[in-house]
Amino acid sequence: MQSSYLSALIRALAIAIILASAPVAAQEDISQLKQQIEELERKVRLLQDRQATDTEAARTRVKGADFVTAGHEGFGVTSGDNGFELKLHGDLQVDSRSYHGTGSPGTSGTPAPDTLLVRRARPIIEATLYDIYDFRMMPDFAGSQTVLFDAYGQARFTPQFQLRAGKFKPPVGLEQLQVDDNLFFAERSLATDLVPIRDVGFQVQGEILEGKVAYALGIFNGVVDS
């Protein structure tokens, strides 16, 4: 756009010079000025073409380059074509428990110490291969023990048909299926004790009717509630 304005300005200045000098200038001078104008316009077009070529080359380099991200969602490495991705993030929850008074319930005169309880300490590793295959691993180091909560792979062939296998949340219990970051309270309700937390199995899932309906069917080993 700026180059077009420059070309028009050059033409206007040249015409003004010609008109001002026409009474005294020879015909040869007018022809020479016209040639200079045409030469300037040719150079402007060359600059426009070069600028368009450089812009397209820069876009191609950015599109094909790998990039690293860091933010509130964790750290990530993504390929230029978005086909491969590695994410590192996690959840950490610490509860402070303070007791008022001189004794704990059921005792007399025995002070209850204030404590800090690590409820969740879960590093999360997620990876995507060829923009189809997803992998997730999430251990938990809270409670002075190590538990592998999530360890599964998933193939997203289409939004309507996806396969998942490994250890993950069975499709039972709405509150349990919500991730910890989206819970209204720090703890889930007692109703969650009626459903399994994690299980090992195989699941078919997907979304139909433009995401208005979601389904999940699975076969699992079977674990006790909670």
Side-chain angles (χ1 to χ4, degrees), residues 71-76 85 87-101 103-107 110-128 133-226:
H72 67 280
E73 295 183 352
F75 301 92
E85 187 175 11
K87 291 183 179 180
L88 302 176
H89 56 107
D91 289 332
L92 177 63
Q93 178 189 340
V94 180
D95 293 349
S96 174
R97 299 187 176 183
S98 301
Y99 301 94
H100 300 279
S104 58
T107 63
T110 303
D114 299 337
T115 61
L116 288 176
L117 176 63
V118 179
R119 285 288 293 108
R120 295 182 178 92
R122 302 174 180 177
I124 302 174
I125 303 175
E126 295 178 326
T128 299
Y133 305 102
D134 299 325
F135 301 91
R136 175 184 172 94
M137 180 174 292
M138 185 182 71
D140 187 9
F141 299 100
S144 301
Q145 59 182 350
T146 302
V147 180
L148 184 60
F149 272 78
D150 289 337
Y152 65 84
Q154 177 173 296
R156 296 177 286 105
F157 298 110
T158 65
Q160 296 80 17
F161 181 73
Q162 304 176 16
L163 301 178
R164 179 182 294 187
K167 185 179 182 181
F168 53 93
K169 294 181 179 180
V172 181
L174 178 60
E175 187 180 24
Q176 179 62 36
L177 291 175
Q178 295 177 345
V179 298
D180 299 330
D181 298 339
N182 294 337
L183 293 177
F184 188 77
F185 298 102
E187 302 292 344
R188 290 179 170 85
S189 66
L190 293 177
T192 308
D193 294 340
L194 302 177
V195 299
I197 298 178
R198 298 294 198 286
D199 202 351
V200 177
F202 177 84
Q203 179 172 292
V204 179
Q205 62 186 23
E207 296 181 352
I208 58 177
L209 300 179
E210 299 180 353
K212 297 179 182 179
V213 177
Y215 74 92
L217 304 173
I219 301 176
F220 298 90
N221 285 343
V223 296
V224 297
D225 294 340
S226 190

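- Considering Asp150, Asp180, Asp91 in turn, Asp180 is the only one that fulfils the salt bridge (Lys or Arg N to Asp or Glu O under 4.0 Å) rule with Arg122.
- Here the CG atom belonging to Asn221 is positioned 13.5 Å from the CZ atom belonging to Phe202, to the nearest 0.5 angstrom.
- Under a 3.5 Å cut-off, the side chain of Asp140 and the backbone N or O of Ala121 do form a donor-acceptor pair.
- Between the CG atom of Leu88 and the CD1 atom of Ile125 there is a distance of 6.0 Å, given to the nearest 0.5 Å.
- Seen from the ring of Phe149, Arg198 does not count as a face-on cation partner, given the 6.0 Å and 45° thresholds.
- Surrounding CG of Leu209 are more than 12 heavy atoms belonging to other residues, nucleotides or ligands, all under 6.0 Å away.
- Looking only at side-chain heavy atoms (C-beta outward), Leu148 and Met137 come within less than 4.5 Å of each other.
- Scanning for salt bridge (Lys or Arg N to Asp or Glu O under 4.0 Å) contacts around Glu187 gives Arg119, with sequence neighbours left out.
- Sorted pairs that involve residues 204-224 and meet salt bridge (charged side-chain N to carboxylate O under 4.0 Å, His left out), not counting sequence neighbours, are lacking altogether.
- The structure places CZ of Arg136 at 5.0 Å from CD of Glu126, a figure rounded to the nearest 0.5 Å.
- Rounding to the nearest 0.5 Å gives a distance of 4.5 Å between CZ of Phe168 and CD of Gln203.
- For Ala191, the side-chain contact (heavy atoms from CB on, under 4.5 Å) partners at least two apart in sequence or on another chain are Ser189.
- With rounding to the nearest 0.5 angstrom, the CD atom of Gln178 is 12.0 Å from the CZ atom of Phe184.
- Leu183 contributes atom CG, which lies 6.5 Å from atom CD of Glu175 (distance to the nearest 0.5 angstrom).
- Pro139 approaches Phe141 most closely through the heavy-atom pair CG-CE1, 3.9 Å.
- Shown here are the side-chain contact (heavy atoms from CB on, under 4.5 Å) partners of Phe161, two or more places apart in sequence or in another chain: Phe157, Thr158, Leu163, Val204, Tyr215.
- Nearest approach of Pro170 to Phe220, heavy atoms of both residues: CA-CZ, 3.9 Å.
- Judged as a side-chain contact (heavy atoms from CB on, under 4.5 Å), and not counting sequence neighbours, the contacts of Val172 are Val195.
- Looking only at distances, no side-chain donor or acceptor of Asp134 sits under 3.5 Å from a matching main-chain atom of Thr128.
- Applying the salt bridge (charged side-chain N to carboxylate O under 4.0 Å, His left out) rule to pairs touching residues 165-174 yields nothing, sequence neighbours excluded.
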